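Comments concern the structure below.
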Amino acid sequence: MSGEAEAHPSADAAARRAAEAAARQSYGKLVALLAARTGDIARAEDALSLAFAAALAEWPKSGPPETPDAWLLAVARRRLIDETRSRQVRSLAGDHLRLLAQEIEDAMQDAMEDVTDADIPDRRLALMFACAHPAMEARIRAPLILQTILGFDAAAIASAFLVSPATMSQRLVRAKAKIAAAKIPFRLPDTPELAGRLDAVLEAIYSTFALGWADASGGDARLGNMAGEGIWLGELVAALMPNEPETLGLLALMLHAQARRPARRSEAGDYVPLAAQDPAQWDAALIDRAEALLYRAGAMGRPGRYQLEAAVQSVHAARRISGKTDWLAIEHLYDALWIVTASPVVALNRAAALAQTRGPAQALAALDDLAQDARMAAYQPYWAARADLCARSGNIVAAVAAYQRAIGLESDPAVRRFLQAQQARLPPA
Amino acid sequence: MQYMLMLYLDEASFQKADKATLERRHGAYNAYTEAAKTAGVLVGGDRLQPSATASTVRLKDGKSAVLDGPYAETKEQFGGYYILELPDLDAALDWAARCPTADHGTVEVRAIWPM
């Protein structure tokens with residue numbers, strides 16, 4: 001087989017491309033479908049990876065099938081049935097059981113013969129809700145979605161989430177075992193619990209996006225293209241649940257942020273803060289799309305966290321037309337966000353808006369309230385904001401100290417250089 | 001749990017770097033050390049003299065043999081360490097990512113064997 005593949009490098013490459021395209025487009029769809037009945041994601045993934053291996057062996061010889069999804073699904077199902085049968089035979093060794101399994105298999109085969117890709121139902125959303133179920137640990141939800149929907153391997157996910165590969169794969173295995181053992185259902189939640197459950201799905205998607213977005217230079221292979229994957233998942237959820245305004249809000253938020261991505265670094269690779277960015281460098285097409293999504297979401301009359309955050313970005317984006325930033329609008333949006341989330345990150349951003357609308361003294365007072373939160377001790381943006389506000393209110397000694405904290409906590413070299421330059425530019429105390 | 005962050009750097013690149021870069025790096029290490037201290041996680045840490053100053057000792061046939069230079073010739077050399085008190089490996093990896101070495105070298109993270 002390998003000899004043949006070598007003899008036909010172009011067929012091999014074509015088959016590989018077809019298998020990769022199917023993997024990219026269909027991995028999650030097929031895992032969701034295969035695992036839907038048994039609830040066993042790990043077994044579904046094993047069967048699917050065998051099916052992909054079979055595709056790589058078979059397709060160079062026969063050419064990619066017309067309906068790759070149906071082909072892969074049929075092969076993977078067959079593997080699952082084989083495995084189930086041999087398990088049953090092992091445990092019970094009954095002839096009648098073996099025959100029964102055979103009958104089931106034949107029936108399945110018949111059923112699979114004339115299935116087209118379009119007939120395969122999309123169970124990805126149900127799978128995502130299982131991955132982000134409240135019974136699942138919050139920190140494993142996003143990694144689990146990345147693996148089951150997009151087929152990322154544990155090592156790549158581990159690097160992106162800054163966790164050791166061994167730990168990540170252990171956590172993923174445990175999480176899948178829990179879904180199977182606890183029979184976490186693969187279904188969309190009922191209306192009363194939908195909002196809360198959807199929020200967990202959206203949060204997992206947003207955290208994926210945020211990982212990639214933090215890598216401003218795009219040069220960090222460790223993070224791969226997590227921002228793109230986050231947007232891809234956001235597009236998927238928005239397409240599958242178009243009447244939930246928060247799905248549109250999240251997508252709008254990510255697109256707004258993505259639009260500014262190229263403007264965050266100078267040509268020399270230096271960090272450029274939002275206020276200093278040239279709006280001409282923002283991606284106008286992405287902004288227009290985000291605005292349209294936000295408008296559609298707003299028309300549904302059910303505001304939420306992601307719509308509010310997208311609205312903040314929308315106000316910033318308006319600078320490309322008006323030439324200025326409406327800080328009062330931003331302050332009000334953060335007031336609303338604070339009511340919804342009570343998050344210290346929101347409080348910090350609200351303080352930055354206060355500095356513009358009411359001056360650095362008021363903003364510093366808001367930061368002082370926030371200092372009670374123990375998490376701020378190692379939270380870089382808090383110290384960077386504090387440093388800037390101290391400098392602007394003329395407290396140079398405090399500004400130097402706060403910059404020092406921010407520099408020590410920063411992990412992005414470009415931002416670290418920026419903070420060091422800001423610190424060096426302070427007048428003598 | 002205590003973790004040791006072992007810092008591996010290309011010493012040659014340090015010798016080639018200009019004064020401004022070295023000053024900026026030095027400042028970054030100072031800030032990092034202070035941040036770890038104020039966050040209450042710093043147990044200790046030191047920068048070492050260049051690996052050319054190293055000697056290795058081992059007993060061979062009952063006699064001690066001393067050699068010049070580091071234990072292993074590597075592209076990046078062991079140049080210093082931090083010991084941090086942290087709840088788990090995830091936190092240790094967070095602090096390792098913040099360490100300026102992660103930018104221009106490699107940080108190895110290991111838990112310290114509790115005695």
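Quick caveat, the model's predicted, so the values are computed rather than measured. Throughout, a chain's letter reflects where its sequence line sits, starting with A, and its residues are numbered from 1.
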Next item on the list: May I ask you to name which of B:A102, B:P100, B:G40 has the most heavy-atom pairs under 4.5 Å with chain A?
Entry: B:P100
Item checked: Rounded distance (nearest 0.5 Å) linking atom CD of A:Q420 with atom CD of B:E23 -> 10.5 Å
Next item on the list: Find the distance between CG (A:L162) and CG (B:L89) and round it off to the nearest 0.5 Å.
Entry: 9.0 Å
Checklist line | Minimal non-hydrogen separation, B:L93 against A:S164, with atom names | finding: CD1-N, 3.4 Å
Notebook entry, point to check: Under a 4.5 Å cut-off applied to non-hydrogen side-chain atoms, are B:W95 and A:L409 in contact?
Noted result: yes
Checklist line | Whether over 12 other heavy atoms sit under 6.0 Å from A:D369 CG | finding: yes
Checklist line | Criterion side-chain contact (heavy atoms from CB on, under 4.5 Å) on B:T38 and A:W383, from CA distance to verdict | finding: CA-CA 12 Å; B:T38 29; A:W383 293 101; over 6 Å; no
Notebook entry, point to check: Looking only at heavy atoms, which two atoms of A:S411 and B:A97 are closest? And how far apart?
Noted result: CB-O, 3.3 Å
Note to self: Has A:R416 got a side-chain atom pairing as donor or acceptor with B:R98's backbone, closer than 3.5 angstrom?
What the structure shows: yes
Notebook entry, point to check: Is it true that A:R417 and B:D103 make a salt bridge, defined as a side-chain N closer than 4.0 Å to a carboxylate O?
Noted result: no
Next item on the list: Identify the heavy atoms of B:D90 and A:R171 that sit nearest to each other, and give their distance.
Entry: OD2-NH2, 2.9 Å
Next item on the list: Counting only heavy atoms closer than 4.5 Å, note whether A:R405 contacts chain B via side chain, backbone, both or neither.
Entry: both
Check: Do you know which of A:A421, A:A378, A:A377 has the most heavy-atom pairs with chain B at a distance under 4.5 angstrom?
Finding: A:A378
Next item on the list: Identify the heavy atoms of A:Q404 and B:G27 that sit nearest to each other, and give their distance.
Entry: NE2-O, 4.5 Å
